[in-house]
Amino acid sequence: MIIVTGATGKLGRRTVERLLERVPADRVGVSVRDPRKAQDLADRGVRVRQGSFDDPASLVHAFEGAEQVLLVSLDRTGEECVSGHRTAIDAAVKAGVGRILYTSQTGAAHDSRFQACRDHARTEDLLRATGLPWTALRNGFYTASALLFLESARHTGDIALPADGPVAWTGHDDLAEATAAILTAEEGRFEGPTPPLTGAATLDFSAIAEVASRATGRPFTRTVVPDDAFREQALAHGAPASLADLMVSIFAAARNGEFSAVDSTLAELIGREPATFGALLTRAWAE
């Protein structure tokens, strides 16, 4: 039995779909806040149980009988994030889970300039302390995040963002396929952190401007906005201060080279080259 948390989210849902291509549905379970949103999975034979990272008992029940649990990292930051992960890890131990896999990130480190990477590093420490077999999936920075930053530029033609650095942007679909491959491998599972699971190339937003120009046939420019000015713009558009600070920190970490690692492991796991940024941008903008 393989249990996936967050199975109605972007990465969790895609991972479940890839798992169902590899193993019978009765070997797959999901832990979700709202089981109604996973009714279609239940109809296909997947075990659906309610589980909340704020309710330890529900997670113990959701993880019952699991050989492996995939913990999809929470969309929270700081102590709220790490506390939720601690609850889930403790529940997995209590439920007698054989292995815990966790969606970490390339650049996870206690001294990262990006809060989420510091949270990932703390969560990896919690996994290490359990004494159980565990795997931290060091996922590349999601291409979907870059596309969110490009939403304004899509209409104006000007990518007006803070100074950045090279990032190995990586697609959700490729990461889900690799995760399913690791979960169903008979041997060769990674112990501890995986190598970086990334796309094949790094791009900064100047390079992305060129990619967008080729993809659309329209000119795109790159304007560097000071961090403070970008933060003020975010606040003016209604972003909470914590979110504005988080967004600025992504660019600070990118300038520091924290997301610049490129590795072939993802390609090896999925048996092909990962989708390029240009292909993912073209598909997203067409939709």
Side-chain angles (χ1 to χ4, degrees), residues 3-15 30-35 37-38 49-63 66 69-95 97 100-130 132 134-142 144-145 148-149 172 175 179 193 227 230-231 234-235 237-254 256 258-259:
I3 305 295
V4 178
T5 73
T8 55
K10 280 185 180 179
L11 185 60
R13 180 62 188 230
R14 285 170 167 85
T15 301
V30 298
S31 169
V32 291
R33 278 185 175 274
D34 184 354
K37 293 182 179 179
R49 291 187 178 179
Q50 195 276 335
S52 167
F53 281 61
D54 301 314
D55 180 358
S58 73
L59 291 178
V60 174
H61 178 62
F63 297 163
V69 167
L70 173 65
L71 297 181
V72 177
S73 56
L74 289 168
D75 188 17
R76 305 174 184 175
T77 56
E79 188 54 45
E80 184 185 10
C81 174
V82 178
S83 177
H85 292 163
R86 182 183 294 109
T87 296
I89 291 166
D90 289 347
V93 172
K94 191 170 183 179
V97 169
I100 305 174
L101 295 91
Y102 168 71
T103 59
S104 187
Q105 185 175 356
T106 298
H110 291 286
D111 60 352
S112 172
R113 286 160 171 76
F114 182 36
Q115 176 67 59
C117 281
R118 299 197 295 273
D119 298 340
H120 288 311
R122 290 180 62 193
T123 301
E124 290 183 8
D125 288 345
L126 295 174
L127 290 165
R128 194 174 287 109
T130 64
L132 290 176
W134 63 282
T135 303
L137 304 162
R138 288 285 185 90
N139 291 342
F141 215 110
Y142 299 140
S145 298
L148 286 175
F149 282 123
H172 277 87
L175 289 168
T179 302
D227 287 6
F230 180 79
R231 184 180 185 278
L235 294 173
H237 282 92
S242 58
L243 178 59
D245 291 338
L246 188 70
M247 289 192 293
V248 170
S249 75
I250 292 173
F251 293 91
N256 195 43
E258 295 181 25
F259 313 127

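Between Q105 and C117 there is a side-chain heavy-atom pair separated by less than 4.5 Å. Here the side chains of L59 and P56 are not in contact, with every heavy-atom distance at 4.5 Å or above. Under the 4.5 Å side-chain criterion, counting only non-hydrogen atoms from C-beta, I89 is in contact with T123. Counting only heavy atoms from C-beta outward, the side chains of K37 and V32 never approach each other to under 4.5 Å. Side-chain contact between M247 and F149 is present, with heavy atoms from C-beta onward closer than 4.5 Å. For the pair P193/W134, a side-chain contact is recorded, criterion being any heavy-atom separation below 4.5 Å from C-beta on. Taking the side chain as every heavy atom from C-beta outward, L70 and L137 approach each other to under 4.5 Å. Here the side chains of L175 and L11 are in contact, with some heavy-atom distance below 4.5 Å.
Among pairs with a residue in residues 109-123, those fulfilling salt bridge (charged side-chain N to carboxylate O under 4.0 Å, His left out) read E79-R122, R113-E258, at least two apart in sequence or across chains.
Heavy-atom minimum distance, A136 versus E124: CB-OE2, 3.4 Å. Nearest heavy atoms, A239 versus L235: O-CD2, 3.4 Å. Closest of all the heavy-atom pairs between A95 and V60 is CB-O, 3.9 Å. Of all heavy-atom pairs spanning A234 and A244, the tightest one is CB-CB, 4.0 Å. Looking at every heavy atom in both residues, V4 comes nearest to V72 through CG1-CG2, 4.4 Å. For the residue pair A121 and A109, the shortest heavy atom distance occurs at CB-C, 3.6 Å.
Distance alone, capped at 3.5 Å, is enough to place a donor-acceptor pair between the T87 side chain and the S83 backbone. The closest donor-acceptor contact from the side chain of T106 to the backbone of R138 lies under 3.5 Å. At distances below 3.5 Å, not a single donor-acceptor pair connects side-chain atoms of R231 with backbone N or O atoms of D227.
Taking the ring centroids of F251 and F114, they lie at or beyond the 6.0 Å cut-off.
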Handout entry: Evaluation steps, side chain to side chain contact (heavy atoms under 4.5 Å, CB included), between Y102 and H120
Key = CA-CA 9 Å; Y102 168 71; H120 288 311; 2.7 Å; yes
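One finds the CG atom of L74 at 4.0 Å from the NE2 atom of H85 (value rounded to the nearest 0.5 Å). Atom CZ in F53 sits 5.5 Å away from atom CG in L71 (nearest 0.5 Å). One distance of note links CD of Q115 with OG of S242; it measures 10.5 Å at 0.5 Å rounding. For the atom pair CD1 of I100 and CG of L127, the computed distance is 5.5 Å after rounding to the nearest 0.5 Å. Here the OG-CG distance, from S52 to D34, works out to 11.5 Å after rounding to the nearest 0.5 Å. In this structure, CZ in F259 is found 5.5 Å from OG in S112, a value given to the nearest 0.5 Å.
A donor-acceptor contact under 3.5 angstrom links the side chains of T103 and S73, judged on distance only.
Using a 4.0 Å cut-off between a side-chain N of Lys or Arg and a carboxylate O of Asp or Glu, D54 and R33 qualify as a salt bridge.
Heavy-atom contacts from other residues, nucleotides or ligands closer than 6.0 Å to CG of D125 number more than 12.
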